[in-house]
Asker: 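The structure follows.
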Amino acid sequence: MEDQQIQNYFRKIVEQEEEVSAGIAAIRTLMEFIKQSECETVQELESKIKTAIENMKNSNFPLAVITSGCELFLRFITLVGLDAGSFGECKAIMLDRGNLFLKKLSEARGKIVRFASKFITDGSKVLTHSRSRVVLQTLYQAFKQGKRFEVFVTTSAPDNSGKTMHKELEAKGIPSTLILDSAIGYIMEQIDFIMVGAEGVLESGGIVNKVGTYTMAVCAKELKKPFYVLAESFKFSRLFPLNQQDLPAEYKYTSKVRELKDLKTVHPLVDYTPPSYITLLFTDLGILTPSAVSDELIRLYL
């Protein structure tokens, strides 16, 4: 697959399969790349895979989840047993492991939904930010269980993804109110807890998510409201920022925006929420405290 073919294949999955995250779309693209590859050695194939990953990073989609998902995928398929046998045998092993990896990812969201939906009770008032597939499924699961609750959704500028979340909740029959991003402080005293997704879970136990998440977390802590994060383990990333400025520019801006000389005039797409503001993380590995994330990352990369 040539560079443009890789981008087109990746973009097609993201745009046509609404429930598939950019991270899984990237991994599926790599699987197709490996199948079509005409490389003759494992080293050459690994090098070409890394080039393909860089190619997808320039596709103007969320970078955090693409980076973490592809790193774990590459680690998983090349972990052991590729030193012996023919290249054809090694390639078959890589594809088998890749399919196993994708199977685990397909089960991840369901596990999170089962864990997190238990925390939603009758009469709850939930605040969420932007549009998260796993948060939406969790709320719907609780609703199907007969629980009656209300959801407040921020508009989530600049792309107004919260409006989409609001419409989807209403379509499922879940009472939902759309609020301004600037109304977070006003509404916070009325809600019981916050439930958000994440584009990346970092080694510190903090998260990268849609810009405005950090503001919400600060307000939540001040008013002593639980702040819950729902994220699949393939979003775990070996990154340890100390503040907003430490977050890499490629995480905060699309590839087209990064070409500009002056980024000070451009709003970032994401921000960093430190672990001290997060109550619990609901993952397919279990319900974790922020301090437990680094241990899980070590296990994932062993």
Side-chain angles (χ1 to χ4, degrees), residues 1-109 133 199-201 208 231-239 248-251 253-259 269 284 297 300-302:
M1 295 173 76
E2 300 297 328
D3 290 353
Q4 193 57 51
Q5 289 177 304
I6 292 169
Q7 285 206 13
N8 290 342
Y9 191 92
F10 170 66
R11 190 180 297 277
K12 184 178 179 181
I13 296 174
V14 175
E15 292 178 351
Q16 294 186 1
E17 300 181 39
E18 194 175 281
E19 292 308 307
V20 175
S21 77
I24 292 180
I27 292 168
R28 284 173 52 183
T29 302
L30 291 181
M31 285 288 289
E32 185 64 25
F33 177 81
I34 294 170
K35 289 176 186 176
Q36 296 188 25
S37 170
E38 296 180 355
C39 296
E40 297 180 352
T41 66
V42 172
Q43 289 77 13
E44 182 186 3
L45 181 56
E46 282 191 47
S47 176
K48 292 289 181 68
I49 289 173
K50 290 176 181 177
T51 302
I53 293 171
E54 291 302 316
N55 196 315
M56 287 185 285
K57 288 181 180 181
N58 293 320
S59 301
N60 286 313
F61 286 98
L63 188 68
V65 67
I66 295 173
T67 301
S68 59
C70 288
E71 280 184 0
L72 280 169
F73 172 77
L74 189 56
R75 174 69 177 165
F76 189 79
I77 66 171
T78 60
L79 191 58
V80 290
L82 296 181
D83 296 328
S86 67
F87 172 69
E89 291 171 335
C90 291
K91 186 175 176 179
I93 291 172
M94 293 171 78
L95 288 171
D96 285 343
R97 289 182 184 161
N99 286 322
L100 177 60
F101 192 75
L102 279 172
K103 183 176 183 295
K104 288 183 177 181
L105 296 189
S106 68
E107 298 169 350
R109 198 177 293 168
R133 299 174 184 86
E199 290 189 14
V201 179
V208 173
E232 299 93 330
S233 59
F234 73 84
K235 295 181 178 181
F236 283 27
S237 179
R238 293 182 296 177
L239 191 68
E250 56 264 30
Y251 278 46
Y253 309 103
T254 63
S255 57
K256 288 182 180 179
V257 170
R258 294 199 303 273
E259 294 173 0
L269 298 176
D284 48 298
L297 262 169
L300 286 171
Y301 279 93
L302 275 177

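What you see is a predicted model; the values in this text were computed from it and never measured.
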Asker: Name all residues meeting the side chain to side chain contact (heavy atoms under 4.5 Å, CB included) criterion together with Q36; count only those two or more places apart in sequence or in a different chain, and write none if there are none.
Answerer: M1, E32

Asker: Just one of N55, I6, T51 clears the side chain to side chain contact (heavy atoms under 4.5 Å, CB included) bar with F33, so which one?
Answerer: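 Single side chain to side chain contact (heavy atoms under 4.5 Å, CB included) partner of F33 among N55, I6, T51: I6.
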
Asker: Test E107 against K103 for salt bridge (charged side-chain N to carboxylate O under 4.0 Å, His left out), laying out the working first.
Answerer: CA-CA 7 Å; E107 298 169 350; K103 183 176 183 295; 2.8 Å; yes

Asker: Once rounded to the nearest 0.5 Å, what's the spacing between atom CD of E2 and atom CG of N8?
Answerer: 12.0 Å

Asker: Which atom names give the shortest non-hydrogen contact between A231 and V201, and what distance separates them?
Answerer: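 Result for this residue pair: CB-CG2, 3.7 Å.
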
Asker: Looking only at heavy atoms, which two atoms of S233 and D284 are closest? And how far apart?
Answerer: N-OD1, 2.7 Å

Asker: Closer than 3.5 angstrom, by distance alone: can the side chain of R28 be matched with the main-chain N or O of Y9 as a donor-acceptor pair?
Answerer: no

Asker: Between A25 and V14, which heavy-atom pair has the shortest distance, and what is it?
Answerer: CB-CG2, 3.6 Å

Asker: Taking atom NZ of K57 and atom SG of C70, what is their separation to the nearest 0.5 Å?
Answerer: 7.5 Å

Asker: Identify the two heavy atoms, one from R109 and one from S21, that lie closest to each other, and give their separation to 0.1 Å.
Answerer: NH2-N, 4.4 Å

Asker: Any heavy-atom pair between the side chains of L269 and Y251 that's under 4.5 Å?
Answerer: no

Asker: Using a 4.5 Å cut-off on heavy atoms from C-beta on, say whether the side chain of E71 contacts that of I53.
Answerer: no

Asker: So, for F236 and L72, which heavy atoms are closest and what is the spacing to 0.1 Å?
Answerer: O-CD1, 4.1 Å

Asker: In Å and rounded to the nearest 0.5 Å, what is the OG to CG distance from S68 to L239?
Answerer: 10.0 Å

Asker: In Å and rounded to the nearest 0.5 Å, what is the CG to CD1 distance from L30 to I77?
Answerer: 7.5 Å

Asker: Give, for atom CZ of F101 and atom CD1 of I27, the distance between the pair rounded to the nearest 0.5 Å.
Answerer: 4.5 Å

Asker: Is a donor on one side and an acceptor on the other found under 3.5 Å between the side chain of K91 and the backbone of S37?
Answerer: yes

Asker: Just wondering, do E232 and L105 contact through their side chains at under 4.5 Å, heavy atoms?
Answerer: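 No, too far: nothing below the 4.5 Å cut-off.
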
Asker: For residues G98 and M31, report the shortest heavy-atom separation together with the two atoms involved.
Answerer: CA-SD, 3.5 Å

Asker: Run the side chain to side chain donor-acceptor pair (under 3.5 Å) test against E44 and tell me which residues pass, sequence neighbours left out.
Answerer: none

Asker: If I take atom CD1 from residue I24 and atom CZ from residue F73, how far apart are they, to the nearest 0.5 angstrom?
Answerer: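 Reported to 0.5 Å precision, the distance equals 12.0 Å.
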
Asker: If you draw a 6.0 Å radius around CD in E19, do more than 12 non-hydrogen atoms from other residues or ligands fall strictly inside?
Answerer: yes

